[in-house]
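Excluded from the calculations below are hydrogen atoms, water molecules and symmetry mates; all remaining heavy atoms, backbone and side chain alike, are included.
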Amino acid sequence: MVDIILARHGQTAANREGRLQGGSLNPPLNETGERQAEALALALQDEQLDWVVTSAMERAIQTGALAAQYHSAVPLASDGRLNEISWGELDGVKFGDARAGLDAVVGRWRRGDGDAKVPGGESANEARARIRAAFADILKESAERGYGKVLVCLHGRIMRVILAALVDKDLQAMDKYPHTNCCFYQIRTELGDAQTTDPDSLQFAVVRADVRDHLAAL
């Protein structure tokens, strides 16, 4: 049995300014984001974490390091395949100005066109391919090392891609999964005799969904 806690990174200046923050933007956490990550750390301090994996983006790396502060012996790793989806020409644009182009692409995803993308950006299917490969390696490493619980710190849209791809096996389910900075989901899979760690061949269940109680006082 492997449990994976998927946590979104803390707030950045781009988040605060209401800008679309995709894979080409790499800002650090702001002060609020650091406090959110500290709250996440407190929420997870009694968890038996075996490994912390982050995307290769600064905001996720910082969040993972802060969230793991009560687990000093736990190894940390980063993986660029977990980076946020690229929004191409809309990266860094304020949501109000990006809304028409963004809604057009997300609407096509909802209708089953996973190949739709913003010009210069990444499609849902392209994002799914890289996260599938990343999670195959995470599960393989967990099976080999006997890890039972892994914290993965990453990004809002890519977290929706992961949940829809792993739990629902259908990218049209992405909208089922709301999120905010430093919320988390916990999913579980049974590897059995570990003959396969291919996420497409495994069943995943949501154990905890959109947990954000730890953020209430912020």
Review point. Between E38 and Q69, does any side-chain donor sit less than 3.5 Å from a side-chain acceptor?
Key: yes
**Study point:** hydrophobic_cluster_shared for V152 and L139, side chain cutoff 4.5 Å
**Key:** yes
Review point. Is the shortest heavy-atom distance from the side chain of R157 to the side chain of V106 under 4.5 Å?
Key: yes
Check your understanding: Which pairs count as ring-ring contact (aromatic ring centres under 6.0 Å, His included) when at least one residue sits in residues 131-164, sequence neighbours excluded?
Key -> H9-H155, W51-Y147
Point to revise | Expected output: side-chain E84 to main-chain G22 donor-acceptor under 3.5 Å | key: no
Review point. Any link between I61 and M57 through a network of hydrophobic side chains (Ile, Leu, Val, Met, Phe, Trp, Tyr) touching at under 4.5 Å?
Key: no
Point to revise | Neighbour count above 12 (heavy atom, 6.0 Å) for E144 CD | key: yes
Point to revise | Donor-acceptor under 3.5 Å (T12 side chain, P27 main chain) | key: no
Practice item. Classify the side-chain pair N30/Q11 by whether it contains a donor and acceptor separated by less than 3.5 Å. Key: yes
Sequence neighbours excluded and cut-off under 3.5 Å, please list the side-chain donor-acceptor pairs for residues 199-207, or say none.
residue	atom	partner	partner atom	Å
D200	OD2	R132	NE	3.3
S201	OG	D198	OD2	3.4

Review point. So, does S123 use its side chain to make a donor-acceptor pair with the main chain of E126 at under 3.5 Å?
Key: yes
Check your understanding: Between W109 and Q172, is any pair of side-chain heavy atoms under 4.5 Å apart?
Key -> no
Hey, can you pull the donor-acceptor pairs under 3.5 Å for the side chains in residues 94-105, sequence neighbours left out?
residue	atom	partner	partner atom	Å
R99	NH1	D103	OD1	3.3

Exercise for review: List in chain and number order the residues that pass side-chain hydrogen bond (donor to acceptor under 3.5 Å, both in side chains) with N26, two or more places apart in sequence or in another chain; answer none if no residue qualifies.
Suggested key: none
Review point. Under 3.5 Å, side chain of Q62 to main-chain N/O of L29, donor-acceptor pair present?
Key: yes
**Study point:** Audit row: T63, E34, side chain to side chain contact (heavy atoms under 4.5 Å, CB included) steps and yes/no
**Key:** CA-CA 7 Å; T63 299; E34 290 176 354; over 6 Å; no
Practice item. Can you sort out the partners of L42 under side chain to side chain contact (heavy atoms under 4.5 Å, CB included), two or more places apart, ordered by chain and number? Key: Q45, Y70
Practice item. Give a yes or no on whether R208 atom CZ has more than 12 heavy-atom contacts from other residues, nucleotides or ligands under 6.0 Å away. Key: yes
Review point. Pairs in or reaching into residues 59-68: which pass salt bridge (Lys or Arg N to Asp or Glu O under 4.0 Å), with residues at least two apart or in two chains?
Key: none
Point to revise | Other cluster members, L215 - Ile/Leu/Val/Met/Phe/Trp/Tyr, side-chain contacts below 4.5 Å | key: L218
Exercise for review: Check the hydrophobic clustering (I, L, V, M, F, W, Y; side-chain heavy atoms under 4.5 Å; chains of links allowed) and say if V2 and V53 are grouped together.
Suggested key: yes
Review point. With sequence neighbours excluded, what pairs up with S24 under the side chain to side chain contact (heavy atoms under 4.5 Å, CB included) test?
Key: D91
Point to revise | Side-chain heavy-atom pair I158, N83 within 4.5 angstrom cut-off | key: no
Review point. Does V167 share a hydrophobic cluster with L82, counting links as ILVMFWY side-chain heavy atoms below 4.5 Å and allowing steps through other members?
Key: yes
Review point. Any sub-3.5 Å donor-acceptor pair from R19's side-chain atoms to A14's backbone N or O?
Key: no
Revision key, fill the gap. The complete set of salt bridge (Lys or Arg N to Asp or Glu O under 4.0 Å) pairs with one or both residues in residues 174-184, sequence neighbours excluded, reads R110-D175, D168-K176
**Study point:** side-chain hydrogen bond (donor to acceptor under 3.5 Å, both in side chains) involving R108 - partner list, sequence neighbours excluded
**Key:** D113
Review point. Going by the salt bridge (Lys or Arg N to Asp or Glu O under 4.0 Å) test, which pairs reach into residues 65-76, not counting sequence neighbours?
Key: none
Point to revise | Side-chain hydrophobic cluster, 4.5 Å single linkage: members besides L151 | key: I5, L40, L44, L49, V52, V74, L76, F184, V211
Point to revise | Where Y177 and R160 come nearest, the two heavy atoms and their spacing | key: O-NE, 2.8 Å
Review point. Can we say D50 and K149 salt-bridge, meaning some charged N sits less than 4.0 Å from an Asp/Glu carboxylate O?
Key: no
